[in-house]
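The chain is numbered in sequence order, starting from 1.
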Amino acid sequence: MQEFRFNIFGTLIAVRESQRAWRAFYLGAEGKCRPADFIIPDDISADALCEYLADLFHEEATPRNNTATQIFYNPENTAPGSNNESSP
């Protein structure tokens with residue numbers, strides 16, 4: 001199962017591929033996640049997820065939170081307090 005993480009205008013979102021479908025989750029500050037209240041169509045490619053989420057949430061952008069980025073992480077090598085966010 002692949003998992004992709006994103007910071008979309010300040011909202012942390014995880015997207016998992018499960019049985020050829022995307023499942024989205026909101027990520028909490030303590031590592032918890034809850035199912036998201038939106039659907040990602042099956043025909044969106046993994047390379048297009050960040051752009052799709054940015055289009056979906058563009059109204060959430062503020063002068064302070066105005067970027068959508070993918071967060072690259074290794075779940076086997078993630079330490080608390082580490083910053084694995086990529087820059088565009």
Side-chain angles (χ1 to χ4, degrees):
M1 173 186 334
Q2 285 186 301
E3 180 173 300
F4 303 93
R5 292 189 177 193
F6 303 92
N7 182 337
I8 307 297
F9 310 122
T11 300
L12 299 178
I13 297 173
V15 178
R16 296 180 187 147
E17 187 177 24
S18 175
Q19 299 177 4
R20 303 181 77 187
W22 297 117
R23 296 187 62 206
F25 300 87
Y26 292 113
L27 297 173
E30 298 176 0
K32 296 180 182 179
C33 66
R34 64 181 171 92
D37 56 356
F38 60 90
I39 296 171
I40 300 172
D42 298 343
D43 63 343
I44 301 293
S45 69
D47 294 340
L49 284 171
C50 190
E51 183 178 354
Y52 177 81
L53 292 170
D55 289 345
L56 190 63
F57 289 98
H58 70 275
E59 292 180 4
E60 303 292 323
T62 66
R64 224 172 164 186
N65 288 313
N66 59 8
T67 58
T69 57
Q70 184 171 356
I71 302 169
F72 294 95
Y73 80 106
N74 180 348
E76 298 167 359
N77 193 21
T78 302
S82 65
N83 184 1
N84 296 319
E85 191 169 323
S86 72
S87 55

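Across all non-hydrogen atoms, the minimal contact from T62 to N66 is O-CB, 3.3 Å. The shortest heavy-atom contact between A68 and C50 is O-SG, 3.6 Å.
Atom CG of residue D47 and atom CD of residue Q70 lie 8.5 Å apart, to the nearest 0.5 angstrom. From E60, atom CD reaches atom CD1 of I8 across 11.0 Å, with rounding to the nearest 0.5 Å. Rounded to the nearest 0.5 angstrom, C33 SG and I13 CD1 are separated by 12.5 Å.
Under the 6.0 Å distance and 45° angle rule, R16 counts as a cation-pi partner of F25.
Atom CD of E51 sits in a sparse spot, with 12 or fewer heavy atoms from other residues, nucleotides or ligands closer than 6.0 Å.
By the 4.5 Å heavy-atom criterion applied to side chains, T67 and F9 are not counted as neighbours. Between T69 and F6 there is no side-chain heavy-atom pair separated by less than 4.5 Å. Counting heavy atoms from C-beta outward, I71 and F4 have side chains that stay 4.5 Å or more apart. Annotation: side chain of L27 is in contact with side chain of R5 (closest heavy-atom distance under 4.5 Å). Residues I40 and L49 form a side-chain contact, since some pair of their non-hydrogen atoms from C-beta on lies under 4.5 Å apart.
In the hydrophobic clustering of ILVMFWY residues, with side-chain heavy atoms under 4.5 Å counting as a link, L53 and Y26 come out together. In this structure, I44 is not a member of the same hydrophobic cluster as I39, with clusters built from ILVMFWY side-chain heavy atoms closer than 4.5 Å.
Of the possible donor and acceptor atoms, none in the side chain of W22 sits under 3.5 Å from a partner among the backbone N and O of S45. Side chain of S18 to main chain of A21: no donor-acceptor pair is present (N/O by atom type, distance under 3.5 Å, no hydrogens or angles).
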* To do: Quick one: do L56 and F38 satisfy side chain to side chain contact (heavy atoms under 4.5 Å, CB included)? Show the steps, please.
  => CA-CA 9 Å; L56 190 63; F38 60 90; 3.6 Å; yes
